[in-house]
Amino acid sequence: MKIARLADLADPAACPLLVVKVGSSLLVDRQGVRRNWLEGLVAEIAEARTRGQAVIVVSSGAIALGAAKLGLAKGGRGSLADAQAAAAVGQIALSGLWADLLGAHGLTAAQLLLTLEDLEDRRRYLNATATLTRLLDAGAVPVINENDSVATQEIRFGDNDRLAARVAQAARASAVLLLSDVDGLFDRNPVEPGAKLLPEVRGVTAEVHAMASGGSSSGMGSGGMTSKLQAAEIAERAGIALAIASGLHDAPIARATAKGIGTLFLARRKDGGRKAWLGGRLRLKGALVVDAGAAKALSQGSSLLAAGITAVEGDFHRGDAVAVRGLDGATVAHGLAEYDARDCALLIGRKSADHAAILGYAPRSAVVHRDQLVLL
Ligand code: GLU
């Protein structure tokens, strides 16, 4: 059953597994943890479980909470070292809080702290999938955050929106609910008069991106609408619905699902497990720039041949994930390269018949085979 309306997020038949992401500004304010609000949310999670839905929580708030405890400026986001220290202090309190509140409903919390690489590397991604599956089978509620204390600037998600979408993929969830401090996506900056909340988005197009102004409105988290749209893109390609709704109210899940206040990004297609992982990859080792003819051939299901490549970027090896970009700079696909970057460069623009002589070994049938390629 496909998710077509916000109400379906509360329907165990349409949504047997829901990922709920809670933003920092909902969990923590200047006084510390917003415990009453969180108790209400946990009661809703317990209700979802009673209805027969499994739930994974992606909880932000470690940095904000730790910064408050340590008295760090700028909510702990003044420097990477501050954020790492704040997260270490905040995370221990945060997980204790979730464990206590879920425990009060007879639910067992399970903490997972993930880094970007845990979900980018195929083997580690499968490990995370196995752990999540086992925890859910055992009836636990996984509570996930980025491992901010060890993640460095270059190798971190930096926002829990995309983390939630990647976790949903790994756990094969049906939907993600991003609870934030906004009602959803508006057709223009929501402070402008006449701004309208979009109830439904079919495909995150350039026009949709233009509606997001960027930056976090609360200054607590690091998300903002831009990272929410990136999360929606990951989800829609993986066959997962994603909703943005406000958590600034009591019973926020019911407000989104029963009253229908929020924005639902419909799933677009269902790539198989490996392709969905590849399409959602955030860090790629390099890029292959292709001409218009090759871009068209790819869109019709062909493999990428050297003849259509105009440039090779980055230092990747055979088997690494690379972006395929058109001449206009837009990424058209992600794929696994059949050659090292050096050999790809030798083959630029060259016909298949010449490859054996250029390389000095039996060539592969394509630079990226269509089975290892996912269109974006
Ligand atoms: N992982 C961060 C934290 O726990 C939050 C990232 C975000 O704001 O999305 O504080």
Side-chain angles (χ1 to χ4, degrees), residues 19-30 32-34 37-38 41 56-99 109 111-120 128 142-168 176-182 212 214-235 242-248 252 282:
V19 174
V20 179
K21 181 254 171 177
V22 191
S24 299
S25 63
L26 300 174
L27 277 158
V28 186
D29 64 15
R30 285 180 202 287
V33 172
R34 297 178 67 226
W37 177 85
L38 192 56
L41 179 68
I56 293 176
V57 173
V58 173
S59 175
S60 300
I63 296 175
L65 197 55
K69 282 188 187 256
L70 292 173
L72 299 178
K74 296 186 183 165
R77 291 173 193 271
S79 68
L80 180 63
D82 276 9
Q84 291 182 318
V89 170
Q91 186 60 42
I92 203 164
L94 195 60
S95 43
L97 188 65
W98 280 105
Q111 173 177 268
L112 257 81
L113 297 178
L114 297 173
T115 60
L116 182 76
E117 283 298 310
D118 288 327
L119 299 177
E120 294 284 277
V143 178
I144 299 177
N145 197 358
E146 182 161 15
N147 197 350
D148 293 305
S149 296
V150 298
T152 59
Q153 210 87 53
E154 312 78 55
I155 52 154
R156 65 200 300 257
F157 281 95
D159 66 85
N160 276 0
D161 299 317
R162 290 178 303 162
L163 174 65
R166 284 297 256 166
V167 162
V176 181
L177 175 60
L178 301 179
L179 290 177
S180 173
D181 51 5
V182 291
S216 162
S217 54
S218 65
M220 280 278 198
S222 53
M225 197 46 80
T226 304
S227 72
K228 290 181 177 48
L229 293 186
Q230 288 167 345
E233 286 180 310
I234 294 170
L242 181 140
I244 303 173
S246 173
L248 292 174
L282 300 171

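Since the structure is predicted, the reported quantities are computational estimates derived from the model, not experimental observations. First listed ligand is number 1; within each ligand, the first listed atom is number 1.
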### salt bridge (Lys or Arg N to Asp or Glu O under 4.0 Å) involving D82 - partner list, sequence neighbours excluded
none

### Task
Output yes when the distance from some N or O of ligand 1 to some N or O of N160 is under 3.5 Å, and no in every other case.
yes

### Message
Among L178, V58, N145, which one puts a heavy atom closest to atom 4 (O) of ligand 1?
### Response
N145

### Query
Taking the side chain as C-beta and beyond, is there a heavy-atom pair between L119 and L163 under 4.5 Å?
yes

#### Entry: Interfacing atoms of ligand 1 (cut-off 4.0 Å, heavy-atom, A62)
3 (C), 4 (O), 10 (O)

#### Entry: Side chain to side chain, I63 and R77, heavy atoms closer than 4.5 Å
yes

### Summary
The atoms of ligand 1 lying under 4.0 Å from a heavy atom of I63, numbered in the order shown, are 3 (C), 4 (O), 10 (O)

#### Entry: Polar atom proximity, G158 to ligand 1 (N or O, under 3.5 Å)
no

### Query
Who passes salt bridge (Lys or Arg N to Asp or Glu O under 4.0 Å) against E120, sequence neighbours left out?
R166, R281

### Task
Consider every N or O of G61 and every N or O of ligand 1, then say whether any pair is closer than 3.5 Å.
yes

#### Entry: Within-cut-off N or O pair, D148 and ligand 1, under 3.5 Å
yes

### Query
Is there side-chain contact between W37 and P252, with heavy atoms separated by less than 4.5 Å?
yes

### Region of R77 that comes within reach of ligand 1 [heavy atoms, distance under 4.0 Å]
side chain

### Query
Under a 4.5 Å cut-off applied to non-hydrogen side-chain atoms, are T226 and Q230 in contact?
yes

### Query
Which of the atoms in ligand 1, numbered in the order shown and given with their element, are less than 4.0 Å from a heavy-atom of S60?
4 (O), 5 (C), 7 (C), 9 (O)

### Task
Check the pair L41, L26 against side chain to side chain contact (heavy atoms under 4.5 Å, CB included), reporting the backbone distance first and the verdict last.
CA-CA 10 Å; L41 179 68; L26 300 174; over 6 Å; no

